[in-house]
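To start, the structure under review is shown below, and the notes come after it.
Just so you know, ligand 1 is whichever comes first in the structure, and atom 1 is the first atom listed for that ligand.
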Amino acid sequence: MTSTPPDTSCSFGKMQHLHCEYSVEMTQDEMKQAAAEAALAYVEDGSIVGVGTGSTANFFIDGLSRMKERIRGAVASSEASATLLSAHGIKLFDLNEVDELLVYVDGADEINPALAMIKGGGGALTREKIVAAIARRFVCICDESKQVDVLGRFPLPIEVIPVATTQVTRRLAALGGRPELRHGFITDNGNVIIDVHGLRIEQPAAFETTLNQIVGIVTNGLFAHRGADTLLLATPQGVRELHAA
Ligand code: 5RP
């Protein structure tokens, strides 16, 4: 569905803000890359950058590598991202060495109009929540397939201490979901993930609080109390920039 020739001043490398209009059909990966490239405009010279996990965050790491001389380094939210950052020659900082980050850039599995999210599809939710907690600004980078009105179509990931798996599963079922152990998966912290299917989460902050009270749960994948501040949402028409109210 090509209608007008592409505006070359808006190539990924040069895109700064909102952003260019695309006139050709884009793949999901191209949209993820477009959102990731747009997030580079939020990286301040001389700063340490919080970096998320997943395929969209990997595109961001690729972009960051092109400006690595301008930043001090990065804090990674997973071993996988740390490995990729190191491979690009970006200096890694331990979270305990850093008091505050100006920006944390990460993807999401779902995001609602209030910029509350479900995260943890890659199993990195605990460190993602910790890094996000010390960031002044959370920039979420997504393709448009992640945008929903009500969270819950994507199974909600819950990181659980292994000995508590059975009792936590029972508690989650009592809350109305269909908990399923993610077989063969162990998190960077040595725990298991239970994915909860069939939820319709109308009040994400309240539900996040409820889940936080269940003994044995390390972290739940709702990012509502600390949602995104900015969403860079890639669509075939370009990257839309939205801000939390
Ligand atoms: C990892 C995450 C990711 O941000 C989420 O799963 C989105 O991944 P992708 O960018 O590959 O679609 O929360 O724990």
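Sorted by chain and number, the heavy-atom contacts of ligand 1 below 4.0 Å come from Lys32, Thr53, Gly54, Ser55, Thr56, Asp106, Gly107, Ala108, Asp109, Lys119, Gly120, Gly121, Gly122, Gly123, Ala124, Glu128, Lys146.
In this structure, Glu37 pairs ionically with Arg66, as a charged nitrogen and a carboxylate oxygen lie closer than 4.0 Å. A salt bridge between Glu144 and Arg240 is absent, with no side-chain N of the basic residue lying under 4.0 Å from a carboxylate O of the acidic one.
Paired with Ile161 under the rule side-chain contact (heavy atoms from CB on, under 4.5 Å), one option of Val218, Val192, Val168 passes, and it is Val218. The residue from Arg70, Lys68, Arg72 that alone fulfils the salt bridge (charged side-chain N to carboxylate O under 4.0 Å, His left out) condition with Asp45 is Arg70.
By the 4.5 Å heavy-atom criterion applied to side chains, Leu115 and Phe223 are not counted as neighbours.
Between the CD atom of Glu241 and the CG atom of Leu231 there is a distance of 9.0 Å, given to the nearest 0.5 Å.
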